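The analysis underlying the following values was restricted to heavy atoms, covering all of them including side chains, and did not include hydrogens, waters or symmetry mates. Source: prediction; values computed, not measured. A note on names: the letters A, B, ... follow the listed sequences, proteins ahead of strands, and every chain is numbered from 1.
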Amino acid sequence: MPRAAATPEDLAHWLARSALGDRAAFERLYEATCGRLFAVVLRIQRDRGLAEELLQEVYVTVWHSAGGFDAARSQPLTWLSAIARNRAIDSLRRAAARPAAPTEALDTDTLEDERPGPAELLQRALDRQLLGRCLEELAPPQRQSIALAFYDGLSHAEIALHLREPLGTVKAWLRRSLQALRGCLDRSH
Amino acid sequence: MDLRKPERAEALAAEYVAGTLRGGARRRFEALRSRHPELDDAVRRWEQRLLPLAEAVPPEEPPLRVWRGIERRLWLATPQPATGSRWLRAWQAAAGVLGVAVLALALLLAQAPAPPVIVVLQGTGAAADFSGGFVAGIGGDGRSLVARPLQPVAMPTDRVLELWAVPPEGSGPPRSLGLLRADGPTVLSRDRLPPTLLRGGAAALAVSVEPPGGSPTGTPTGPVVYAGALRL
């Protein structure tokens, strides 16, 4: 049965209650956000077992640092997603070696795996008003670099490998795309 | 990492949020971020800019065992004997002292039905700069707790004090009771207190130094600077 989507105000309220030790509020928060955060973790850490473990760590951290959430500075979902992403990216560092070649996994953009690839996800994000408009302004390879880094947690070297471009070029693309995005987003606000 | 140039700090914050800042550089950046509020602000701004991208990822429901695991980690202590000896040493060092502060607390708790239990937490010497002590009063029904420093403790701005209930040796890891004010009394919310606090659930109280918001792991990560045995 689909639940009504929680509003940012709901999430902020449950976070505040969690900071006070309210377990029921924490459970509501989990129910409303676990699907999203699991998806974020799973994009980056593709080992499901590890991803489940990471998701537990994410919510344990959320419970303990809920008091640090400041509604004036962050959107609740942004704050939660940042914790999930950081934990997932750290897990890539911890793993002795990344499972298989990421380039191989990325070719599933179109087949096997029904999950949308980074390019398709970015396309969906493009449909979203402001950020989308700003992403549209980037040259395609630069856009792709951002998608590979953001959605799949690829490092500079892995992006270079995937796009078959020199490492220096990829670093410069990424740096410039982020600057351009910032310029566009800040201008429009 | 040279952060004197604002554009350099900005670029690093961007790569951090995009996910391409990796390995040692990522760790160093995180350490710097906790000490430099302007870097933290830059990260927050980048999160506001980029994280909406994550909304395009279709949600995926995790299996129920994930929630069960979270509940277990947060609220059900599982035996972790490895941490025992350090804790035992920390609180064994403590002994009873002090009259005035204890009396003041006893008055604060006078409305509780059973006589309050008073715990004196003394400096363990685990870190310099933490002199004095804390005194904690637990309502006789185990449903309220007030703790106060004997004298205000000067805290670094990026550190907080966290209070822990330490179970008898061998019966599990310490359990967080909440953050403590360093400059005055803290009244802990009653639903943070384990119901067994005064019924054998805790052998001692201890205070550790933690990052803002408290220990990120659920067990103490910083030095245990005050400790006191719970004598019933």
side-chain hydrogen bond (donor to acceptor under 3.5 Å, both in side chains) against Thr186(B), all qualifying residues, sequence neighbours excluded: none

With a 4.5 angstrom heavy-atom cut-off, could you sort out which part of Val43(B) is near chain A: side chain, backbone, both or neither? neither

Closest-packed option against chain A by number of heavy-atom pairs under 4.5 Å, given Gly178(B), Pro211(B), Pro63(B): Pro63(B)

Using non-hydrogen atoms and a 4.5 Å limit, figure out which bit of Leu188(B) sits close to chain A: side chain, backbone, both or neither. neither

Counting heavy-atom pairs under 4.5 Å with chain B, which one of Gly35(A), Gly21(A), Ser74(A) comes out on top? Gly35(A)

Residue part contacting chain A, namely of Thr20(B), when any heavy atom lies under 4.5 Å: both

Is Asp158(B) salt-bridged to Arg35(B), cutoff N-O under 4.0 Å? no

Distance-only polar pair, side chains of Ser81(A) and Arg36(A), donor-acceptor under 3.5 Å: no

Could you have a look at Glu210(B), Arg45(B), Glu162(B), Glu47(B) and say which one has the most heavy-atom pairs with chain A under 4.5 angstrom? Glu47(B)

Highest number of heavy-atom pairs under 4.5 Å with chain A: which of Leu179(B), Asp41(B), Leu51(B)? Leu51(B)

Given that the side chain runs from C-beta out, which part of Pro62(B) has a heavy atom under 4.5 Å from chain A: side chain, backbone, both or neither? both

Could you tell me which of Ala157(A), Ala82(A), Ser65(A) has the largest number of non-hydrogen atom pairs under 4.5 Å with chain B? Ala82(A)

Region of Ala84(A) in contact with chain B, defined by heavy-atom distances below 4.5 Å: neither

Ring pair (Phe, Tyr, Trp, His ring centres under 6.0 Å) filter on Tyr59(A), not counting sequence neighbours, yields Tyr30(A)

Between Arg33(B) and Glu30(B), does any NZ, NE, NH1 or NH2 come within less than 4.0 Å of an OD or OE carboxylate oxygen? no

Quick check on Arg65(B) against chain A: is it the side chain, the backbone, both or neither that has a heavy atom closer than 4.5 Å? both

Can you tell me how far the CG atom of Leu15(A) sits from the CG atom of Leu20(A), to the nearest 0.5 Å? 11.0 Å

Considering only heavy atoms, which portion of Leu42(A) lies under 4.5 Å from any heavy atom of chain B: side chain, backbone, both, or neither? side chain

Look at Arg28(A) together with Asp10(A) and state whether they make a salt bridge at an N to O cut-off of under 4.0 Å. no

Any chance the side chains of Glu10(B) and Trp46(B) put a donor and an acceptor closer than 3.5 Å? yes

With a 4.5 angstrom heavy-atom cut-off, is it the side chain or the backbone of Leu181(A) that approaches chain B, or both, or neither? side chain

Quick one: of Arg48(A), Gln179(A), Glu52(A), who has the most non-hydrogen atom pairs under 4.5 Å with chain B? Glu52(A)

Glu53(A) and Arg73(B) ion-paired at < 4.0 Å: yes

Aromatic Phe26(A) / basic Arg17(A) pairing, under 6.0 angstrom, 45° off normal: no

Bottom line for Arg182(A): the part with an atom under 4.5 Å from chain B's heavy atoms is both

